[in-house]
Amino acid sequence: MTATTVGASVKPAISPKPLGIFLAGAAVSVLLGVYAHEHTPVANKLPYDFIWSGTIQMKASLATIAVLLAVVQVLLAMRLYGKLKWPKTMPPWLGDAHRLTGTLAFVVTLPVAYQCLWSLGFQSGSTRVFIHSIVGCIFYGAFVTKVLAVRLHGLPDWTLPVVGGLVFAALVVLFLTSSLWFFTSSDAPNPAF
Amino acid sequence: MFKRIVTVIEVLALAGALFFVVMLFGNEGGGTLTPSAAVYDANCASCHGGDGGGGLGPQLAGVVEEKYPDIEDQIAFVEEGQGAMPGFSGSLSDDEIRQVVEYTRSLK
């Protein structure tokens, strides 16, 4: 490992904490990718019919809810970081609201991810599906990195915004390659709920 | 108070995530495919979805019987293909095509 001399002490060029959390996230992404690739898709429907008319309708709905919650979470984060000036006085519950929206967004993605991983597996039949499969794995790795970044102290200031941005970007790509396609494409099945 | 509620929800979310992982790996053994499902998975699922709910191609589950009341018409369609749907007469045997067609008609 390369090192930079600062005074008498030797400081590693790459701080181990950020590297550690990124590696942990990468490991989760790889693990999910391997599972999705190696697992035999069961091609079964899951019992979501009591609310939605089909599995794809369920996935499109929940992914849309997750993206909306994530947008709220990003807006709250921007206010927490002072990038937004409204409301003028920061309410004391803003940080907790940020945590809550993020947690709910994550929870909402779980049934979708379960159906994708267990029933469909990793697929590369088209560019859209391939990107969706890859980014789906990246999303959960990035999410693990984000949670670790929140919990660990002493990380560089850029860590949390960068990782949070990565999680949000991954979720938006997942939304664009699934829900938005489902709602707008003429190739998609009938989006009747 | 709100902070406490959020913490409880976070703990429940963590439990949900653990449940998610347990379900993924715990159900692994239940993923044995029947021969017809295996043919479907290998040739159809990437477009029509693993559950026949649709994807790049249209939904099959619950609609193919209505569209093709006569199974022979559906078999002919799968053999010959049309538009973006490729024909499978060159890659699947007659038995496999019949099996997979019957399988799609069983999806609800």
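Naming convention: chains lettered A, B, ... in sequence-line order (proteins, then strands); numbering from 1 in each chain.
Residues passing the side chain to side chain donor-acceptor pair (under 3.5 Å) test with B/Gln74 are B/Thr104, B/Arg105, sequence neighbours excluded.
Annotation: B/Asp70, atom CG; neighbour count of heavy atoms from other residues, nucleotides and ligands within 6.0 Å is above 12. Within a 6.0 Å sphere centred on CD of B/Glu72, heavy atoms belonging to other residues, nucleotides or ligands number more than 12.
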- [ ] Starting from the C-alpha separation in whole Å, work towards a yes-or-no answer on side chain to side chain contact (heavy atoms under 4.5 Å, CB included) for B/Phe20 and A/Thr109.
- [x] CA-CA 11 Å; B/Phe20 167 84; A/Thr109 66; over 6 Å; no
Open item on the list: If you apply the rule side chain to side chain contact (heavy atoms under 4.5 Å, CB included), what do you find for A/Arg99 with B/Ile9, and how did you get there?
Closed with: CA-CA 10 Å; A/Arg99 284 168 55 202; B/Ile9 291 171; over 6 Å; no
Open item on the list: One pair to check against side chain to side chain contact (heavy atoms under 4.5 Å, CB included): A/Leu110 and B/Phe19. What are the steps and the verdict?
Closed with: CA-CA 10 Å; A/Leu110 289 179; B/Phe19 180 69; over 6 Å; no
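To the nearest 0.5 Å, the span separating CG on A/Asp96 from CD1 on B/Ile5 amounts to 10.0 Å. With rounding to the nearest 0.5 Å, the separation of CH2 in A/Trp93 from NZ in B/Lys3 is 13.5 Å.
Residues A/Val129 and A/Met58 fall into different hydrophobic clusters, defined by Ile, Leu, Val, Met, Phe, Trp and Tyr side chains chained together at heavy-atom separations under 4.5 Å. In the hydrophobic clustering of ILVMFWY residues, with side-chain heavy atoms under 4.5 Å counting as a link, A/Met78 and A/Val162 come out together.
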